Amino acid sequence: MRLLTLDSFSKREEPRSKDVGKVDDLEVEKVGKLQEETEGYVKPKPIAQDRRPRSLDTSILLSVDYDGAEGRAYAKLYCLEDGMVYFWYDNTGHKPYCLTDTSLEDVKRIPEIASHKGLEGLEEVKLYDAVNDEERVMTKIIAKDPLSIGGKPSGSIRDILQPRVWEANIKYHDCYMYDTGIIPCMPYRILDGRLIPVEVDLPREAKAFIDSLEGIGGEERDLIERWMKRLEYPVPRMKHLVLDIEVASPYPSRIPDPRKAEYPIVAVALVDSEGSKRILLLEMHGKPREDLSIDGVSVEFYRDEKLLVEEVFKAIDRYPIVVSFNGDDFDLRYLFHRAEHLGFQRSDIPITLSRDSASVRFGIHLDLYKFFFNRSIQVYAFRSRYYENTLEGVASALLGVGKISLDKPISDLSYRELAEYCLRDAELTYGLLSYGGWLTFNLMVILSRITGTTLEDLCRQGVSGWIRNMLEREHRARGWIIPRREDLLKVKGGATTKAVIEGKKYRGGHVIKPEPGVHFQIAVLDFQSMYPSAMQRYNLSYETVRCRHEECRSNIIPGTAHWVCRSRRGVTSLLIGSLKDIRVRWYKSKAKDKSLPSNLRDWYSTVSESLKVLINASYGVFGAENFAFYCPPVAEATAAIGRYAIEETIKEARRLGLRVIYGDTDSLFIEKPDPEKIVRLAQWVKSNLLMDIDVDKVYRYAVFSVRKKNYIGVYEDGSVDVKGLTGKKRNTPEFLKIAFAEMTKLLGQVTNEREFEDVKRKIKDLVRRYYSKLKKKELTLEELAFKIMLGKPVEAYKKTTPQHLKAALLLKSIGREVDVGDIISYVKVAGKIGVKPIELASIEEVDIAKYVDHLRTTFQPILEALDIDFNEAIGLSQLDFYGFSFA
DNA sequence: GCGGACTGCTTACCT
DNA sequence: ACAGGTAAGCAGTCCGCG
């Protein structure tokens with residue numbers, strides 16, 4: 001009976017070229033057995049059967065879906081024992097529902113409801129309304145199926161009840177998970193037909209840690225235990241299949257339309273986590289089959305596209321996790337529609353499409369494109385190491401390997417070229433998932449467990465979706481009504497402060513004007529997680545800010561017209577606070593613990609980074625209009641507490657005699673600090689503001705100009721931080737970046753004030769050298785290019801025509817496709833338009849004067865601080881010209 | 001009709 | 001579609017100037 005585990009499939013024959021017929025026979029036989037194995041209540045096929053329930057070993061919950069034919073929810077479970085996916089159908093009788101504040105009797109009298117075909121029943125429920133701080137009796141309208149609640153073009157229950165309807169927009173699979181309390185990516189068993197969580201026992205050390213927590217309430221302690229159980233349970237290795245397809249389009253730069261699927265699928269790469277690599281090629285007319293062998297790869301030719309696609313479908317059916325890069329919008333969508341054209345029955349296509357996702361029938365489909373494009377993931381998890389949203393961009397930045405570049409359309413490639421190209425894409429995608437000891441996948445699993453979002457949704461939603469899920473689940477668990485956005489906005493109102501930037505909703509962080517010049521011995525003090533701490537310590541949450549109690553109105557948040565509740569603990573304050581506490585007190589410190597083996601440290605560090613993603617986003621979402629719990633006063637109060645904290649801390653620092661030379665939002669730069677005074681300041685902050693500050697870094701010296709958010713800091717070891725300066729921006733021409741880097745290297749060598757004179761001379765030489773390079777045009781177009789990302793489609797620029805757009809338009813005029821997210825490389829040239837893409841320019845036409853201006857502005861902030869005059873620096877080139885070289 | 005002062009748009013950065 | 005604050009360069013407009 002083990003025959004059908006994925007293991008047996010992965011141990012397939014040696015890589016070889018093989019013929020269609022053979023492959024086909026083999027697979028038909030296996031699929032037949034798959035069906036046989038699947039009998040019973042628990043089954044890997046959504047077929048209605050009512051057999052005696054059987055038990056299932058420890059399995060990981062992958063997702064929950066609704067089976068329309070069965071009329072109930074089912075869970076997809078990945079059995080750790082045999083590596084197969086099983087379906088468990090709900091037998092608790094859970095049904096979709098929504099709420100109304102109309103009484104049960106009155107609801108009965110609404111004829112469209114009473115006679116609604118989808119109505120299952122009505123029920124009176126007592127729930128807590130946190131917005132208004134009162135218990136309410138609501139009527140639960142239970143439906144036979146999710147579509148009856150909402151989603152039909154007309155006649156849905158929620159449309160009939162409008163506007164007196166609550167919780168009608170929650171996806172049913174989420175609703176099911178909230179109510180049953182089941183958590184994706186956690187282990188379950190099936191006993192006596194019931195889905196039962198596997199009890200997770202915390203390691204002794206972890207229990208001791210929880211017991212040792214001081215100054216933490218019981219509620220928060222319970223939460224910490226809950227999080228830790230989800231985080232300490234290991235991430236099991238699950239089997240993945242990466243899939244990538246190539247389509248023979250006659251247009252080289254145009255992506256074929258997956259809805260039309262008019263061109264044949266000529267290659268499919270299948271790379272799995274067990275080491276198997278297959279490439280399926282379509283034999284094309286007039287192109288005889290080659291005897292292809294690629295090391296470690298099974299190359300398979302197909303005479304018939306239908307058979308090729310069939311083979312791909314069989315592979316999809318065999319894996320619990322199917323992975324793609326942009327499969328939602330392309331690969332799976334194309335496969336689906338192509339299969340339709342090729343005459344497949346719907347039931348033989350293992351893919352289901354919805355508006356912006358594609359899913360597979362047995363396992364789950366993860367689209368890495370959306371996950372890597374997620375800003376929070378980009379910034380916090382991968383530290384902005386990539387910034388393009390393409391496979392090429394992400395892979396070459398993280399893996400150091402890019403796509404194979406093509407100079408002709410797919411249809412002109414030889415079989416070998418095509419095979420290698422397609423395989424590379426799949427390998428890169430696999431590499432992104434398994435990268436750094438499965439960092440990406442671990443990250444997803446951790447976020448999934450904490451927020452209760454399935455991996456499939458996690459990939460596709462943003463951080464506001466994740467946090468919404470976490471909060472909604474918490475509401476259901478507590479018996480709270482999930483507030484409606486419009487009620488929140490109406491009751492809590494908008495912002496009361498004025499933003500510095502026109503058009504923003506409220507005032508944000510405070511930036512202190514730097515003291516220009518060179519400053520030695522700088523300690524940089526940082527508030528630890530300032531905004532999350534503010535939310536935790538000041539009890540910020542949508543229901544506590546501007547609460548209903550008269551007696552709380554005097555509890556004013558400084559700098560605002562808002563107050564905060566004294567009597568109830570805010571739910572976001574509690575959730576964010578507990579996540580922050582376990583991160584700082586357990587995972588972050590474990591990640592730094594050198595006595596632990598490195599793989600364990602990596603795990604702790606991954607958990608720590610995942611928590612950071614959630615914690616850091618927790619403030620911003622409340623100011624985001626699309627967030628389900630959008631509440632401007634919460635975001636505004638958070639930022640206001642931050643400003644209050646830093647301003648009061650500066651005052652106290654000055655009282656203590658500390659010299660504050662710069663600060664931004666949650667940081668303070670202090671010159672030549674007395675360590676004792678720093679300790680006193682930290683104590684003051686702790687007892688007066690209930691927050692933590694510590695010395696985040698120490699600079700041997702730092703260089704400031706008058707500009708905020710622009711400085712250079714040199715560490716004790718000579719390494720250099722460059723912040724905000726033009727010389728390190730990614731759109732700055734390479735030669736300026738190189739020149740600037742040369743300068744920072746010089747600055748890194750300075751250890752005391754005396755050495756500055758020498759370095760100042762060297763910097764002048766450097767500037768003059770690059771000036772002369774420019775004058776002599778000893779630079780390539782590549783080095784001179786500005787590389788600017790096209791922020792929107794070409795047609796969307798209505799108000800102005802920026803230079804990178806002009807260059808893009810020139811590219812378009814010679815037939816090159818340009819798209820959102822493309823990086824346009826152009827140089828500044830003489831003439832009316834003033835710019836040319838580097839593909840069309842020559843070095844002779846480059847406008848040198850413009851580049852001298854850029855040389856000036858790149859160096860200006862630093863020269864200013866060092867009291868060097870740019871003109872004087874390059875003026876030396878005149879002397880140089882006449883032979884008075886200092887070199 | 002030309003150029004400087006100004007505003008607004010755009011991108012990339014900082015926290 | 002997590003937030004606001006800052007810098008820089010350019011596009012486009014207004015306004016004064018015989």
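Reminder, nothing fancy here: chain letters follow the sequence lines and each chain counts from 1. Keep in mind the model is a prediction, meaning the values are calculated, not measured.
Looking at heavy-atom distances under 4.0 Å, A/Phe627 makes no contact with the nucleic acid at all. Residue contacts for A/Lys792: at a heavy-atom cut-off of 4.0 Å it reaches the sugar-phosphate backbone alone, with no base atom in range. Using a 4.0 Å heavy-atom distance criterion, A/Met789 is classed as a sugar-phosphate-only contact. As judged by a 4.0 angstrom heavy-atom cut-off over every strand, A/His804 is placed among residues touching the sugar-phosphate backbone only. At the heavy-atom level, A/Phe622 lies nowhere under 4.0 Å from the strands shown. Among the atoms of the strands shown, none is found under 4.0 Å from any heavy atom of A/Ala635. As judged by a 4.0 angstrom heavy-atom cut-off over every strand, A/Gly508 is placed among residues touching the sugar-phosphate backbone only. Using a 4.0 Å heavy-atom cutoff across all strands shown, A/Ile501 reaches at least one base atom of the nucleic acid.
Between A/Tyr711 and A/Phe704, the angle of the ring planes lies from 30° to 60°, which puts this pair in the tilted group.
With the nearest nucleotide of DNA chain C identified for both A/Arg375 and A/Glu502, A/Arg375 has the one nearer the 5' end.
For A/Asp666, there are no salt bridge (Lys or Arg N to Asp or Glu O under 4.0 Å) partners two or more places apart in sequence or in a different chain. Taking the side-chain hydrogen bond (donor to acceptor under 3.5 Å, both in side chains) definition, one finds that A/Ser813 meets it with nothing, sequence neighbours left out. Listed by chain and residue number, A/Ser705, A/Val706, A/Arg707, A/Gln860 satisfy the side-chain contact (heavy atoms from CB on, under 4.5 Å) test with A/Glu864 (two or more places apart in sequence, or in another chain). Taking A/Tyr506 as the reference, nothing meets the ring-ring contact (aromatic ring centres under 6.0 Å, His included) condition, with sequence neighbours excluded. Judged as a salt bridge (Lys or Arg N to Asp or Glu O under 4.0 Å), and not counting sequence neighbours, A/Lys580 has no contacts. Legend: residues meeting salt bridge (Lys or Arg N to Asp or Glu O under 4.0 Å) with A/Lys612, ordered by chain and number and at least two apart, are A/Glu609. The side-chain contact (heavy atoms from CB on, under 4.5 Å) test applied to A/Ile556 returns A/Trp563, not counting sequence neighbours. With sequence neighbours left out, the salt bridge (Lys or Arg N to Asp or Glu O under 4.0 Å) criterion links A/Asp721 to A/Lys697.
Between the side chain of A/Thr726 and the backbone N or O of A/Thr858, no donor-acceptor pair lies under 3.5 Å. A donor-acceptor pair is defined here as one N or O able to donate and one able to accept, closer than 3.5 Å; no such pair exists between the side chain of A/Tyr538 and the backbone of A/Ile641.
Atom CZ of A/Phe859 and atom C1' of C/dA7 are 18 Å apart (whole Å). Taking atom CZ on A/Arg643 and atom C1' on C/dA3, their separation rounds to 13 Å, with Å as the unit. Across the protein-nucleic acid pair, A/Phe740 atom CZ and C/dA7 atom P stand 16 Å apart, rounded to whole Å. Here C/dC2 presents its C1' atom at 11 Å from CE of A/Met535, a figure rounded to the nearest Å. Computed from coordinates, the A/Lys505 NZ to C/dG5 C1' distance equals 15 Å when rounded to whole Å. Between the C1' atom of C/dC2 and the CD atom of A/Gln461 lies a distance of 14 Å, rounded to the nearest Å. If you take NZ of A/Lys504 and C1' of C/dA3, they are 8 Å apart, rounded to a whole angstrom.
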Could you pull out all donor-acceptor pairs under 3.5 Å where a side-chain atom in residues 786-795 of chain A meets a protein atom, sequence neighbours excluded?
from: A/Lys787; atom 1: NZ; to: A/Glu782; atom 2: OE2; distance (Å): 3.2

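A heavy atom lying under 4.0 Å from DNA chain C marks the following residues of residues 701-712 of chain A, by number: A/Arg707, A/Lys708, A/Lys709, A/Asn710.
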N/O to N/O distances under 3.5 Å, protein versus nucleotides 9-12 of chain C:
from: C/dG9; atom 1: OP1; to: A/Thr857; atom 2: OG1; distance (Å): 2.8
from: C/dC10; atom 1: OP1; to: A/Lys828; atom 2: NZ; distance (Å): 2.4
from: C/dA11; atom 1: OP1; to: A/Lys806; atom 2: NZ; distance (Å): 2.7

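Extent of DNA chain B lying under 4.0 Å from chain A heavy atoms, first and last nucleotide in 5' to 3' order, is B/dC9 to B/dT15.
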